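Step one of this worksheet: look at the structure below.
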Amino acid sequence: MKEFVCKFKKGDVSAFSILVNGIKKRLYVIAKARLKVDADVEDAMQEALIKVYDEISTLKDDSKFEAWATKILINECNKIIKKKRNNCSYEDINAEYYLSEKEEENAVNSSLDFFSIISSLDIEDRTIIAMYYTDEYTTKEIGNILNLNENTVKSKIKRAKETMKKIYDKEEKSNG
Amino acid sequence: MDEFDKIMKKKYNEINVPDGIGKNIIEEARKRKLKKRNNVLKLVASLSIVLILTSVIYFTTTKKNSTKLEQESSIIANDNINQKDNVGNENVVLPVASRVVNLSNDSELQLYSEFKPDVISIVELDNILEYTNYSKIQNVYLLEPVTKLKVSVIKLIMGGVNNFSNIYIKGGIISEYDFEKSLNSVSKKETYGVKMSEEEKKNSYVEVVTKNSLMQAKPEVGKTYLVCLRKDDYNFEGYLSFGTYGFVEYDMETGMVKNVETGEWEEIDKSILDLDSLKSEENN
């Protein structure tokens, strides 16, 4: 990853595509965990990746590319959340309502997917869990990215896993 | 890894990223840059027109007053003003550009890659002192000119220096004559130069727009700015703005900065400039 960051900084544009492909899934899962709505996720990803492209020269330590890009993505997600909070309309509320109905439907009709299992957690716990299961971030790195203490991250992961396990077990039982 | 972790990991692996995500980023980024550049050029063109009109009015008034004085006291006024002698004078007469040269695609003019500035401060702009592309230190004319500003420090955020009063920002208006001195190859002269006599070149001015100058706010006397500066001993003795927050308009009440591209007030993006961590690094 570091090698491609270095190449891209030197002007090799093809290295950017390789970098994007390398982090795309992890960033998508984090954005989806944070925002839930697909259209918002796409917007946040687009804005974040454009910012990564534009601001790469400001990255001092190439080895921290992924953490830096994740921070940018989380900032973009926060902007969308803030904007929605300020312009909360009937359509938005409806969309959220529709989403939870859809999630419920999914939960009843099929086995729970990743996002359905984490959907009952709050926004911060969802983000931490999404980062945790990518296997790419240590609890210390998660703490640094989200401005949290490492021990807080550990205890949040533990509590979130207990909650998710209960939901999962309940669903498994009801599906026989 | 317990049994539940394995289940979650499996479910994570089953996630598919929708096709459209992460595509056409480079094209979109380039489109936006182009749009931003066009907007800036439009703004520069409008400002140039306003400046030309202001200058015409100013010079007409000055000439009338000067003629009146000449008649009254029979003193012959010397109107051969050398602008370089006016540095530091509160009544500096700044040149007006008759054309704009866009060098934002010039590979020689790389954006600064340093992340950490030497000084971060909130300043009020007192005066625009001069534009220049001449480096006294290196004794060369540079392709990218700078604008020298006189500022008052309102609040020092980072860095041990709070007594600076002059800073430099990228971009500026220089004479065609000085600009041509920086075009040190034939191809560059053909691309960016103009065909004029030496005398005309000394009296015509060109606004040079670069990648760095597009990132910063237009200097307006009386306004408050957030500045991220680095000590420049290479070309100019003093502090030079750099990066996204090199020279941006700042609101003292909200702590927000004006986005140069959109013109909207927004919070400082911590992923680009994290003032808290810079301050704590400095304290350590």
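All values reported here derive from a predicted model rather than from experimental measurement. Chain identifiers are assigned alphabetically (A, B, ...) following the order of the sequence lines, protein sequences preceding nucleic acid strands; residue numbering begins at 1 within each chain. Side-chain atoms are counted along with the backbone in the values below, which use heavy atoms only and exclude waters and symmetry mates.
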One thing to verify: whether [Y] and [X] come together as a salt bridge, which I'm taking to mean a side-chain N less than 4.0 angstrom from a carboxylate O.
{"X": "A:E47", "Y": "B:R32", "value": "yes"}
{"X": "B:D269", "Y": "A:K51", "value": "yes"}
{"X": "B:E266", "Y": "A:K82", "value": "no"}

Could you grab the distance from atom [atom1] of [X] to atom [atom2] of [Y], nearest 0.5 Å is fine?
{"X": "A:D169", "Y": "B:F4", "atom1": "CG", "atom2": "CZ", "value": "7.5 Å"}
{"X": "B:I26", "Y": "A:F16", "atom1": "CD1", "atom2": "CZ", "value": "6.0 Å"}
{"X": "A:D54", "Y": "B:K36", "atom1": "CG", "atom2": "NZ", "value": "7.5 Å"}

Between [X] and chain B, which part of the residue has a heavy atom less than 4.5 Å away: side chain, backbone, both or neither?
{"X": "A:I72", "result": "both"}
{"X": "A:L27", "result": "neither"}
{"X": "A:E55", "result": "side chain"}

Would you find a donor on one side and an acceptor on the other, under 3.5 Å apart, between the side chain of A:K161 and the backbone of B:D5?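 The answer is no, because no donor-acceptor pair under 3.5 Å joins these two groups.
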
Please say whether more than 12 non-hydrogen atoms of neighbouring residues, nucleotides or ligands are located less than 6.0 Å from [atom1] in [X].
{"X": "A:K165", "atom1": "NZ", "result": "no"}
{"X": "B:E267", "atom1": "CD", "result": "no"}
{"X": "B:Q138", "atom1": "CD", "result": "yes"}

Determine the minimum heavy-atom distance between [X] and [Y], stating which atoms define it.
{"X": "B:I15", "Y": "A:V29", "answer": "CD1-CG2, 3.9 Å"}
{"X": "A:D113", "Y": "B:K11", "answer": "C-CD, 4.2 Å"}
{"X": "B:N13", "Y": "A:K25", "answer": "O-NZ, 3.3 Å"}

Among B:E14, B:K9, B:M8, side chain to side chain contact (heavy atoms under 4.5 Å, CB included) partner for A:F114: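 The side chain to side chain contact (heavy atoms under 4.5 Å, CB included) with A:F114 is passed solely by B:M8 among B:E14, B:K9, B:M8.
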
If contact means a heavy atom pair closer than 4.5 Å, which residues of residues 120-135 of chain A contact chain B?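 A:Y132, A:Y133, A:T134, A:D135, listed by number.
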
B:E28 versus A:Y53: any side-chain heavy-atom pair under 4.5 Å?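 Side chain of B:E28 against side chain of A:Y53, heavy atoms only: no contact under 4.5 Å found.
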
Counting heavy-atom pairs under 4.5 Å with chain B, which one of A:M45, A:K71, A:Q46, A:E42 comes out on top?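 The residue among A:M45, A:K71, A:Q46, A:E42 with the greatest pair count is A:Q46.
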
